[in-house]
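In what follows, every heavy atom counts, from backbone to side chain, and hydrogens, waters and symmetry copies are set aside. Just so you know, these numbers come straight off a predicted model, no measurement behind them. Just so we're on the same page: letters track the sequence lines, and every chain starts at 1.
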There are 2 protein chains.
Amino acid sequence: MNLILIHQHEPDSEGLVRLAGERAEHIRGVLKASHGKTLRIGLLNGPKGRGTVESVSGKEVVLRCEFEEKIPPQPTVDLLLALPRPKVMKRLWAQIAALGVGRIIIANAGKVERYYFDSHVLEPDFYNARLIEGLQQAGDTLLPEVRIIKELKPFLEDELNSVFPMSGKKLLADPSGEQNVFQALEKAEAANILIAVGPEGGWTPYELELFAAHGFRVFNAGPRILRADTACVALLSQLTLRSGANEK
Amino acid sequence: MNLILIHQHEPDSEGLVRLAGERAEHIRGVLKASHGKTLRIGLLNGPKGRGTVESVSGKEVVLRCEFEEKIPPQPTVDLLLALPRPKVMKRLWAQIAALGVGRIIIANAGKVERYYFDSHVLEPDFYNARLIEGLQQAGDTLLPEVRIIKELKPFLEDELNSVFPMSGKKLLADPSGEQNVFQALEKAEAANILIAVGPEGGWTPYELELFAAHGFRVFNAGPRILRADTACVALLSQLTLRSGANEK
């Protein structure tokens, strides 16, 4: 936990927040913070700031919060991910949030097993807790928006344009691509990017056509076939290297 | 399993191999292969090839192996990793192998808990099985060499030069770096690279000096603080983007 996230409703009118549970335990047990110590905090979907420890007890930790004026910039990368096995998805939420993504669109695909969608890993309480864990690790405050899409075609046809800006770049990782991710970006490096990552076994030819018809450009993520979680982390971190994206 | 790895001692003099256990289950249950079907195989630390199914029974699967002449090229990246929590390390072996690394040097550091070194995740039987899992996922045959280093200083002073070529580039990820990974590589993009990834909480100032004294150049992996497993996958995949590294 490199930053302690405070929910918007938690501070009282004097800027005091009373923490119990995991965050209090972290402050007591890991940071070993006592009265007067300042900690890195952030307001969920708001600015970062400093929390000064007012009191620590077995029951709660009280922080006095001061927030910066500026809210961190929105991530410029969105992710469309064919739902991997629940066990893999479970671990992936925090990693995606740590890498910094604006929207996470979890989609169905021909090679996704239908029953994966019944998993508790797709319940908002579950994934929001994991996403917040990733933000607290990475020192960010902006909670990714999550969409669960059980039908890919109507989503691409009817909703994609309202979710993702028309001016953005849509990319799809597939071994059939001849360019690497930067070549596919064609110097539009600072634009919003939506990156589609397929299921184990890849997209079907029909799905590849569907994506192409909706403006997705195919790129090749390299000769090695990566598991969905490794592929996601790999591709998102490659995108942070494009110019303009790596500034502090 | 995108490639089934065969150990060097397994094929008999006629090129037949009898598989039981996990590989046989995969061939029966996932690939649903029957007599005559050819499968992608590889010889551990040897060439890739094709295995033709001779017979399938509940007890075993018999493949006739034909291997290519050429052994896949050695990865040009080595990894020096401060040992993360065993739970994280457990998941990381397969991911590192999938991304393609020549050597994995697991090291102690000031901010590594000593008891981590007692974990079963550092036993060769455990990690070799996970590494092979990663190779089978990625379609590679070259098993990374693993070294476990409990004392960083004597390793850097006495052993590093015999393990890693003097002509190679040594890089270390730390927030104090001013360059990104490509800037730090200084166009030596095709060289052998050894990349050092620190523990949660980072390297100590003493360790940073020690690495600098042994030719490691510091680079900045971006403003976000990543968990060790995410950081490893992120950095290794960024290196695959350097020119010359992404060829098939």
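Residue A:Leu3 does not touch chain B at all, counting heavy-atom pairs closer than 4.5 Å. When heavy atoms are compared at a cutoff of 4.5 Å, A:Glu133 approaches chain B solely by way of its side chain, counted from C-beta outward. Neither the backbone nor the side chain of A:Ala231 comes within less than 4.5 Å of any heavy atom of chain B.
Closest approach of A:Ser237 and B:Ser237 over heavy atoms only: OG-OG, 3.1 Å. Residues B:Arg40 and A:Ile225 come closest through the heavy atom pair NH1-CD1, 3.8 Å. Of all heavy-atom pairs between B:Glu200 and A:Gln137, the closest is OE1-OE1, 3.8 Å.
Atom CD of B:Glu66 is surrounded by 12 or fewer heavy atoms from other residues, nucleotides or ligands within 6.0 Å. A 6.0 Å sphere centred on CD of B:Glu178 holds no more than 12 heavy atoms belonging to other residues, nucleotides or ligands. Atom NZ of B:Lys87 has 12 or fewer neighbouring heavy atoms from other residues, nucleotides or ligands inside a 6.0 Å radius. Within a 6.0 Å sphere centred on CZ of B:Arg85, heavy atoms belonging to other residues, nucleotides or ligands number 12 at most. Counting non-hydrogen atoms of other residues, nucleotides and ligands closer than 6.0 Å to CG of A:Asp118 gives a total above 12. Surrounding CZ of B:Arg28 are more than 12 heavy atoms belonging to other residues, nucleotides or ligands, all under 6.0 Å away. In this structure, A:Arg91 places its CZ atom where more than 12 heavy-atom neighbours from other residues, nucleotides or ligands lie under 6.0 Å away.
For the options B:Gly134, B:Ala98, B:Gly201, heavy-atom pairs under 4.5 Å to chain A are most numerous at B:Ala98. Top candidate by heavy-atom pairs under 4.5 Å with chain A, chosen from B:Gly139, B:Gly100, B:Ala94, is B:Gly100.
If you run side-chain contact (heavy atoms from CB on, under 4.5 Å) between A:Gln95 and each of B:Asp229, B:Val233, B:Leu226, only B:Asp229 comes through.
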